[in-house]
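The next block holds one structure in the form of structure tokens; read it before the comments.
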Amino acid sequence: MANVSWTRRMRRAGLVALVACSLAVTAGCGDKAEEKTDTGGQGGGTEQVSLGFSQVGSESSWRVANTKSVQDSAVSAGIALDFQDGKQQQENQITAIRGFVQKKVDVIAFSPIVESGWDAVLQEAKDAKIPVILTDRAIDTTDTSLYRTLLGSDFVAEGRKAGQWLVDRYRGRQDDIKIVQIEGTTGSAPANHRRVGFTEAIESYPHLKVIDSKDGEFTREGGERVMKTFLAKHKDIDVVYAHNDEEGLGAIDALEAAGKKPGEDVLIITVDASRGGLEALAAGKLNFVVECNPLLGPQLMDLVKKAAAGETLPTRVVTDETVFDQAKAKEVLPTRQY
């Protein structure tokens, strides 16, 4: 009986040792799991959130500031950013988005060069269960489930603000005011919507006449080229409405080359409120500037983290913006970030 009792005690000791060993191994695995740091800033030991971002290009100071805001904010938020420059070509952006899908990033964000032609590639992202965020610009689609939210400006409102300033400026006048419009890239959301908003604002005032309109590609060179065309074609031009500051600065170059005084002989309205635009406004060469804020990075990173966590996002997030006359431009220039 003593031998049997001793054998049983040994078996129990062996079992206890085995359980203790198993617990130690499990604890060891737990320690390794906890070593994964929360570089994504979400807490709870989650992996770093990855974001694939496709930019329009670097066609303007606004776009350069927008890119910097996205890149800097990704670093601050601890988000792994895969940044791709579309170089003003839609096919480049489609290729980039397909690349993001293949890499299995957590979230895709992009600023679409044009409004149409995105359904197929965004369906690929949807099938891969990767949420998509539109930044700065909208797309033209009947399937709004292809993206989670749109972060950016209200371009129609910007156009209305530009048109309303003109209405107020020439209120009570009966003679025709001849307006030329330097549009942004054909087919892009800001060009389409800024034209619509401007038209809505002035359409009840028949003396405010848009006599010509042409694509300036959102660049200073394009604005100068288009303005030269307008000057050669039209004898009298009272107002230039440019869809961004760069085009307006190009119009200034063309007017000065033609011996005219921008801001006096021809009034100029622009959209963006970049440093270059506000400097021209402060100098009296532009007359009115509508702000379009490029510093979307912090808001974007907040939305990216929420999308990656599966949270519900608002379908539209509008940035806060204002307008500038000469006095206000002089006031803000010393601290202007872009």
Side-chain angles (χ1 to χ4, degrees), residues 53 55-77 83 85 111 135-137 151-155 157-162 164-166 169 182 184 188 190-191 193-194 197-198 216-224 240-253 255-256 262-264 267-302 317-338:
F53 184 86
Q55 182 61 283
V56 170
S58 55
E59 76 284 357
S60 64
S61 58
W62 190 100
R63 189 64 56 189
V64 172
N66 179 243
T67 291
K68 187 175 187 302
S69 178
V70 170
Q71 292 173 331
D72 290 351
S73 297
V75 172
S76 298
F83 180 91
D85 187 339
S111 298
T135 68
D136 175 36
R137 301 178 176 187
L151 165 65
S153 304
D154 185 335
F155 299 132
E158 290 172 353
R160 288 197 196 104
K161 291 172 185 177
Q164 187 59 51
W165 180 83
L166 200 60
R169 175 70 182 240
I182 306 178
S188 68
H193 298 173
R194 286 170 186 166
F198 185 77
E217 300 174 342
F218 283 128
T219 67
R220 185 166 185 158
E221 295 76 15
E224 182 178 10
V240 175
Y241 168 44
H243 284 190
N244 77 340
D245 288 349
E246 296 294 325
E247 291 176 335
L249 295 173
I252 289 173
D253 295 337
L255 287 165
E256 289 180 335
E264 295 182 26
L267 304 188
I268 305 176
I269 307 167
T270 68
V271 180
D272 271 356
S274 63
R275 174 169 291 278
L278 293 184
E279 286 173 345
L281 178 58
K285 294 185 178 184
L286 296 180
N287 301 90
F288 188 69
V289 175
V290 178
E291 184 178 40
C292 181
N293 186 0
L295 307 181
L296 305 181
Q299 285 178 287
L300 174 59
M301 298 311 145
D302 180 59
V317 180
V318 180
T319 53
D320 293 329
E321 295 165 339
T322 187
V323 296
F324 294 90
D325 57 15
Q326 187 179 46
K328 193 170 182 180
K330 290 179 178 178
E331 178 184 340
V332 303
L333 267 172
T335 58
R336 196 65 174 169
Q337 295 184 52
Y338 62 96

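Reckoned from all heavy atoms, side chains included, excluding hydrogens, waters and symmetry mates. Residues: numbered from 1 along the sequence shown.
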Tell me whether [X] contacts the main-chain N or O of [Y] through its side chain, where contact means a donor paired with an acceptor under 3.5 Å.
{"X": "Ser111", "Y": "Thr135", "value": "yes"}
{"X": "Arg220", "Y": "Asp253", "value": "no"}
{"X": "Ser69", "Y": "Ala65", "value": "no"}

Within this structure, what is the [atom1]-[atom2] distance for the pair [X] and [Y], rounded to the nearest 0.5 Å?
{"X": "Leu267", "Y": "Trp165", "atom1": "CG", "atom2": "CH2", "result": "5.0 Å"}
{"X": "Leu300", "Y": "Leu295", "atom1": "CG", "atom2": "CG", "result": "12.5 Å"}
{"X": "Ser153", "Y": "Leu296", "atom1": "OG", "atom2": "CG", "result": "6.5 Å"}
{"X": "Arg169", "Y": "Asn287", "atom1": "CZ", "atom2": "CG", "result": "6.0 Å"}
{"X": "Glu246", "Y": "Asp272", "atom1": "CD", "atom2": "CG", "result": "7.5 Å"}
{"X": "His243", "Y": "Phe198", "atom1": "NE2", "atom2": "CZ", "result": "8.0 Å"}

Are Arg160 and Asp154 within salt-bridge range, i.e. N to O under 4.0 Å?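 Here Arg160 does not pair with Asp154 in a salt bridge, since their nearest N and O are not under 4.0 Å apart.
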Could you pull out the closest heavy-atom pair between [X] and [Y], with the gap in Å?
{"X": "Phe218", "Y": "Ala191", "value": "CZ-N, 4.1 Å"}
{"X": "Arg275", "Y": "Thr335", "value": "NH2-C, 4.5 Å"}
{"X": "Phe324", "Y": "Phe288", "value": "O-CD1, 3.4 Å"}
{"X": "Val64", "Y": "Ser58", "value": "CG2-CB, 4.3 Å"}
{"X": "Pro294", "Y": "Asn66", "value": "O-ND2, 2.8 Å"}
{"X": "Ala282", "Y": "Gln326", "value": "O-NE2, 3.0 Å"}

Could you tell me whether Lys68 atom NZ has more than 12 heavy atoms of other residues or ligands within 6.0 Å of it? no
Would Ser188 and Arg137 count as a side chain to side chain contact (heavy atoms under 4.5 Å, CB included) if you check the C-alpha gap in whole Å, the side-chain angles of each, and the deciding distance to 0.1 Å? CA-CA 8 Å; Ser188 68; Arg137 301 178 176 187; 3.7 Å; yes
Can Thr270 and Glu247 be counted as having a side-chain donor-acceptor contact under 3.5 angstrom?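 Absent: no donor and acceptor within the cut-off.
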Would you tell me whether Thr319 and Glu321 have side-chain atoms, one donor and one acceptor, within less than 3.5 Å of each other?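 Yes, a side-chain donor-acceptor pair sits under 3.5 Å.
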For Lys285, the option from Glu279, Glu256, Glu264 that meets side chain to side chain donor-acceptor pair (under 3.5 Å):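 Answer to the side chain to side chain donor-acceptor pair (under 3.5 Å) test with Lys285 among Glu279, Glu256, Glu264: Glu256.
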How are the rings of Phe83 and Phe53 set relative to one another: parallel (under 30°), tilted (30 to 60°) or perpendicular (over 60°)? parallel
Could you walk me through whether Leu278 and Asp245 satisfy the side chain to side chain contact (heavy atoms under 4.5 Å, CB included) test, starting with their C-alpha distance in whole Å, then the side-chain angles of each, then the deciding distance to 0.1 Å, before giving a yes or no? CA-CA 9 Å; Leu278 293 184; Asp245 288 349; 5.9 Å; no
Hey, does Glu224 have a side-chain heavy atom less than 4.5 Å from the side chain of Thr219?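 Counting from C-beta outward, Thr219 and Glu224 never come under 4.5 Å.
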